Amino acid sequence: GMMRKSAQVRKKLEEARESETARRINEAGKQYAEVRAQDPGNREALDGAARTAGVLAEVGRTVQESQWELDRALGFFLYSKDAPVEEFHIRLSEIRGSLEAIVGVVSDDARVFYLLGRCHEAMGGENEAESCWRKTLVLDGDLHSARFHLVQLWLVRACRLAYYNPFREKAHDEWNAEKQQLIARIE
């Protein structure tokens with residue numbers, strides 16, 4: 001009984017430390033919580049839970065600020081007649097930089113990868129955006145806005161293949177192949 005429980009606690013603490021070292025802070029926080037459920041007075045689990053909660057709170061603030069800044073930059077650029085493109089790209093680069101800094105601290109936050117994808121998309125980096133949104137959905141399959149942007153990107157690519165290809169017959173075949181892949185991905 002008690003020996004087995006303490007071995008489980010030690011194993012779970014070791015996993016939590018490994019997760020934290022690997023910057024999987026969300027995962028580490030959950031693991032420390034599991035240890036606290038088994039051993040409420042465990043000092044290392046309390047310290048680890050406090051540490052990860054502090055990091056996640058700071059990340060949450062930065063993510064919210066980045067989302068607000070990104071929406072503001074996109075809105076300004078899209079709805080202002082004389083919005084300078086260079087200024088827009090500089091602003092997006094700054095936002096992307098702060099999000100990439102978060103990934104250096106927390107590698108398992110889906111919201112960060114979702115926003116990075118939006119930055120890449122706005123700057124014309126379709127492949128980078130797709131990669132970010134795929135990572136988002138691996139980390140959190142319920143973040144539906146990432147799924148929406150990913151499907152939208154695939155549809156834009158499919159339409160580009162179908163309508164802007166000088167080799168129309170070949171384009172038609174490619175469109176059908178792409179369409180079948182899209183249908184399979186969406187399902």
Side-chain angles (χ1 to χ4, degrees), residues 16-33 47-161 163-164 178 181-182 185-186:
R17 285 190 298 267
E18 286 172 12
S19 294
E20 199 171 355
T21 303
R23 301 184 331 269
R24 294 188 308 272
I25 304 300
N26 284 294
E27 186 178 313
K30 290 174 187 160
Q31 290 165 327
Y32 286 126
D47 291 345
R51 204 171 39 251
T52 55
V55 169
L56 292 174
E58 185 58 39
V59 165
R61 280 191 293 278
T62 307
V63 165
Q64 280 187 319
E65 286 171 18
S66 297
Q67 177 147 16
W68 188 82
E69 288 292 331
L70 178 61
D71 289 341
R72 202 175 114 197
L74 287 167
F76 177 76
F77 182 73
L78 292 173
Y79 299 112
S80 296
K81 283 183 180 173
D82 303 320
V85 178
E86 300 81 24
E87 193 177 308
F88 177 63
H89 278 271
I90 289 168
R91 190 70 205 107
L92 286 176
S93 294
E94 290 169 354
I95 296 165
R96 196 179 77 203
S98 67
L99 290 167
E100 287 171 346
I102 293 174
V103 174
V105 178
V106 179
S107 66
D108 64 347
D109 194 304
R111 301 166 306 170
V112 175
F113 288 99
Y114 166 67
L115 292 174
L116 273 172
R118 288 191 56 208
C119 284
H120 285 299
E121 179 190 42
M123 295 176 80
E126 285 184 0
N127 293 335
E128 295 87 349
E130 179 178 8
S131 175
C132 286
W133 292 327
R134 285 177 179 272
K135 175 94 174 167
T136 299
L137 293 171
V138 166
L139 292 169
D140 181 358
D142 292 331
L143 220 162
H144 299 296
S145 46
R147 190 177 317 282
F148 168 80
H149 281 281
L150 196 53
V151 170
Q152 183 182 42
L153 178 63
W154 292 335
L155 290 172
V156 166
R157 285 179 177 164
C159 289
R160 203 179 295 138
L161 270 175
Y163 298 110
Y164 301 112
E178 183 83 6
Q181 285 181 339
L182 287 171
R185 285 175 175 169
I186 293 167

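The first residue of the sequence shown is numbered 1, and numbering continues consecutively from there. The model shown is predicted, which means the values in this text are computed figures rather than measured ones. Only heavy atoms go into these numbers, but all of them, side chains included; no hydrogens, no water, no symmetry mates.
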Problem - Stepwise side chain to side chain contact (heavy atoms under 4.5 Å, CB included) check, Leu99 with Phe113 - result: CA-CA 8 Å; Leu99 290 167; Phe113 288 99; over 6 Å; no

Practice task
Kindly assign one of parallel, tilted or perpendicular to the pair His149 and Tyr114, based on the angle between their ring planes and the thresholds 30° and 60°.
Solution key: tilted

Exercise for the section: Ignoring hydrogens and angles, tell me if any N or O in the side chain of Arg111 forms a donor-acceptor pair with the backbone of Leu143 under 3.5 Å. Expected result: no

Fill in the blank from the handout: Value for NE2 (His144) from CG (Leu150), rounded to nearest 0.5 Å, stands at 13.5 Å

Practice task
Could you tell me whether Arg134 and Glu130 make a salt bridge, using a distance below 4.0 angstrom between a side-chain N and a carboxylate O?
Solution key: yes

Practice task
May I ask you to say whether Arg17 pairs ionically with Glu20, meaning some side-chain N is under 4.0 Å from a carboxylate O?
Solution key: no

Practice task
Of all the heavy-atom pairs spanning Gly141 and Arg147, show the shortest one and how long it is.
Solution key: O-NH2, 2.7 Å

Exercise for the section: Locate the shortest heavy-atom distance separating Ser98 from Ser66; write the atom from each residue and the value. Expected result: OG-OG, 3.5 Å

Handout entry: Other residues, nucleotides, ligands: >12 heavy atoms within 6.0 Å of Glu94 CD
Key = yes

Exercise for the section: Calculate, to the nearest 0.5 Å, the distance between atoms NZ and OG belonging to Lys135 and Ser107 respectively. Expected result: 6.0 Å

Exercise for the section: State, with a plain yes or no, whether a side-chain heavy atom of Arg91 is found less than 4.5 Å away from one of Arg72. Expected result: no

Problem - Close side-chain approach of Trp133 to Leu137, heavy-atom, < 4.5 Å - result: no

Problem - Worked verdict on Tyr32 versus Arg51 for side chain to side chain contact (heavy atoms under 4.5 Å, CB included) - result: CA-CA 10 Å; Tyr32 286 126; Arg51 204 171 39 251; 3.5 Å; yes

Completion exercise
One should read off an interatomic distance between Leu92 CG and Glu69 CD, to the nearest 0.5 angstrom, of 10.5 Å

Handout entry: Glu128 with Arg96: basic N within carboxylate O range, under 4.0 Å
Key = no

Exercise for the section: Kindly give the heavy-atom pair with the smallest separation between Ala16 and Gln31, and that separation in Å. Expected result: CA-OE1, 3.1 Å

Problem - Close side-chain approach of Leu139 and Asn26, heavy atoms under 4.5 Å - result: no

Exercise for the section: For the residue pair Leu115 and Leu70, establish whether any side-chain heavy-atom pair is separated by less than 4.5 Å. Expected result: yes

Handout entry: Donor-acceptor pair, side chain of Thr136 and main chain of Cys132, under 3.5 angstrom
Key = yes

Problem - Side chains of Asp140 and Asp109 in contact at under 4.5 Å (non-hydrogen atoms) - result: no

Fill in the blank from the handout: Here the pair of heavy atoms bringing Ala28 nearest to Thr52 is CB-CG2, 4.0 Å

Exercise for the section: Please round to the nearest 0.5 Å and tell me the distance separating atom CG of Leu56 and atom CZ of Arg61. Expected result: 11.0 Å

Completion exercise
Taken to the nearest 0.5 Å, the spacing of Asn127 CG from His120 NE2 works out to 11.0 Å

Handout entry: Ile95 and Arg118, any side-chain heavy atoms less than 4.5 Å apart
Key = no

Exercise for the section: Return yes if some donor-acceptor pair links the side-chain N/O of Ser80 with the main-chain N/O of Phe77 below 3.5 Å, else return no. Expected result: no

Handout entry: Backbone of Glu27 reached by a side-chain donor or acceptor of Asp108 within 3.5 Å
Key = yes

